Amino acid sequence: MGTSPSQSGIARLCTFYRRETWIEGRAEDQLTDVSRFPGMQAVAGFPDLHPGRFGPVGAAFLADRIWPQLVGPDIGCGMALFRLDLPRHRLKLDKAVRRLAVLDAGAAPERAVQALAAAGLAGRIGAAGLGTIGGGNHFCELQVVAQAEPGSPLAVGTLCLLVHSGSRSLGARVLEGIGQDWRQGFAPGSAAARDYLALHDLAEAWARLNRRLIAETAAEALGADLDLVCDAVHNHLIRQGDLWLHRKGAASVAGGLVPLAGSREAESYLLATPDAVPEALASVSHGAGRRYDRSAMHGRIAKTRSDLAALSRTRFGGRVVCADRDLLIEEAGAAYKSPAMVVADLDHFGLARRLAVLEPLITWKTGGLA
DNA sequence: ATGTCC
């Protein structure tokens with residue numbers, strides 16, 4: 001673990017990647033910048049660290065103030081893994097792709113309203129948009145367990161759904177709606193902080209519900225029952241005594257199990273997360289981390305028919321459904337680092353242990369024209 | 001990240 005010398009008034013900064021792990025310099029600069037925010041107590045950087053708009057992604061920040069930009073616009077975004085009771089031999093890939101097209105419409109309105117009420121959120125936040133995946137790096141992926149370690153809750157051959165999504169336009173509206181004052185952070189107890197926290201908590205609850213409804217919609221389309229294995233939020237804010245823990249692209253280990261997303265060309269992982277290293281701020285990586293930003297990918301992959309066709313098939317024999325050609329290129333497997341290296345780093349520092357390896361079968365981004 | 005910006 002890399003640790004900066006701690007002095008009075010300077011945050012403790014710990015990084016959890018080995019020397020041989022490539023981290024973009026600009027992301028490390030952002031991590032240092034944030035560690036110098038007034039009142040910052042501790043910062044943890046993980047091996048999927050990469051640059052973001054307001055600060056690094058793949059990090060956790062403990063502060064005596066509330067910094068909405070360190071959570072970002074997609075409040076409550078997270079990764080949820082579900083087990084399906086569908087036997088693999090009954091899965092017909094192309095038929096499943098056709099059936100999953102219902103994902104573009106989101107959850108049925110009656111179901112969305114009912115789920116919102118059951119979650120105690122009726123009248124506090126809208127049901128519109130529930131069950132929609134969104135854009136960017138979000139997806140709903142059908143996976144199969146390829147390897148399982150002792151203690152894994154998932155057996156080899158089990159079909160799963162991994163859902164990566166958040167609060168859609170709700171979280172973005174929260175960040176935009178609080179004006180520009182947030183650039184200096186909010187003092188806890190201030191009216192601004194209370195307003196932000198109330199909306200933040202709603203957006204986080206909505207996002208968790210959103211992931212479940214996406215998975216339920218997909219499972220129903222496949223004729224399968226499902227049960228939740230784990231759901232780990234990675235963009236949020238949570239109180240820790242007198243301090244505030246901000247996570248940006250860093251998964252909470254509160255549930256003891258965390259899904260770590262691979263890419264279209266790399267396996268995902270189920271991790272056991274013991275929370276035994278206080279400097280890691282009860283957080284781990286949530287994915288492989290970007291190697292190339294979105295614009296750089298357009299310079300690396302041509303928008304030819306054959307290149308786009310290649311991106312729609314994976315080395316696992318799977319399918320990628322993404323009618324938005326730009327997004328397909330921006331989210332190509334080549335845009336991401338190796339999740340195996342990320343997991344190796346987390347294991348090296350005692351933050352996570354590999355329980356299962358999952359291969360992608362169908363990645364659903366968007367079937368409609370964007 | 002955004003029924004987003006060009």
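In the text below, chain A, chain B and the rest are named by the order of the sequence lines, each starting its count at 1. Bear in mind the structure is a predicted one, so any value in this text is a computation, not a measurement.
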Enquirer: Check the distance between B/dA1's C1' and A/K248's NZ and give it to me in whole angstrom.
Expert: 7 Å
Enquirer: Would you say B/dA1 has OP1 or OP2 under 4.0 Å from some side-chain N or O of A/N137?
Expert: yes
Enquirer: Compute the centroid of each ring, for A/W67 and then for A/F61, and state whether the two points are separated by less than 6.0 Å.
Expert: no
Enquirer: Specify the separation, in whole Å, of atom CD of A/E204 and atom P of B/dA1.
Expert: 17 Å
Enquirer: To the nearest Å, how far apart are A/H50 NE2 and B/dA1 P?
Expert: 7 Å
Enquirer: A/K365 NZ to B/dT2 P: how many Å, rounded?
Expert: 10 Å
Enquirer: Quick one: pull up CG in A/L199 and CG in A/L170 and give me the separation to the nearest 0.5 Å.
Expert: 10.0 Å
Enquirer: Holding to ring pair (Phe, Tyr, Trp, His ring centres under 6.0 Å), I want the full list of residues that pass it with A/H138, two or more places apart in sequence or in another chain.
Expert: A/H164
Enquirer: Between P on B/dT2 and CZ on A/R53, what's the gap in Å once rounded to a whole number?
Expert: 13 Å
Enquirer: Classify the nucleic acid contact of A/G129 as base, sugar-phosphate or nothing, counting any heavy atom under 4.0 Å across all strands shown.
Expert: nothing
Enquirer: Between A/Q143 and A/S268, is there a side-chain donor-acceptor contact under 3.5 Å, judged purely by atom types and distance?
Expert: yes
Enquirer: Determine, for A/E149 against A/R354, whether the closest basic-nitrogen to carboxylate-oxygen distance falls under 4.0 angstrom.
Expert: yes
Enquirer: In this structure, how many angstroms lie between the C1' atom of B/dA1 and the CE atom of A/M79, rounded?
Expert: 14 Å
Enquirer: Mind listing the N/O atom pairs, protein and nucleotides 3-6 of chain B, below 3.5 Å?
Expert:
{"unit_1": "B/dG3", "atom_1": "OP1", "unit_2": "A/S169", "atom_2": "OG", "d": "3.2"}
{"unit_1": "B/dG3", "atom_1": "OP2", "unit_2": "A/R168", "atom_2": "NH1", "d": "2.6"}
{"unit_1": "B/dG3", "atom_1": "OP2", "unit_2": "A/R168", "atom_2": "NH2", "d": "3.1"}

Enquirer: Answer with base, sugar-phosphate or nothing: what part of the nucleic acid does A/G166 contact at a heavy-atom distance below 4.0 Å?
Expert: nothing
Enquirer: How many Å lie between NE2 on A/H246 and C1' on B/dA1, as a whole number?
Expert: 17 Å
Enquirer: Mark yes when over 12 heavy atoms from residues, nucleotides or ligands other than A/D242 sit less than 6.0 Å from its CG; otherwise mark no.
Expert: no
Enquirer: Is it the case that atom CZ in A/R88 sees more than 12 heavy atoms from other parts of the structure closer than 6.0 Å?
Expert: no
Enquirer: Tell me: CG of A/L175 to C1' of B/dA1, nearest whole Å?
Expert: 10 Å
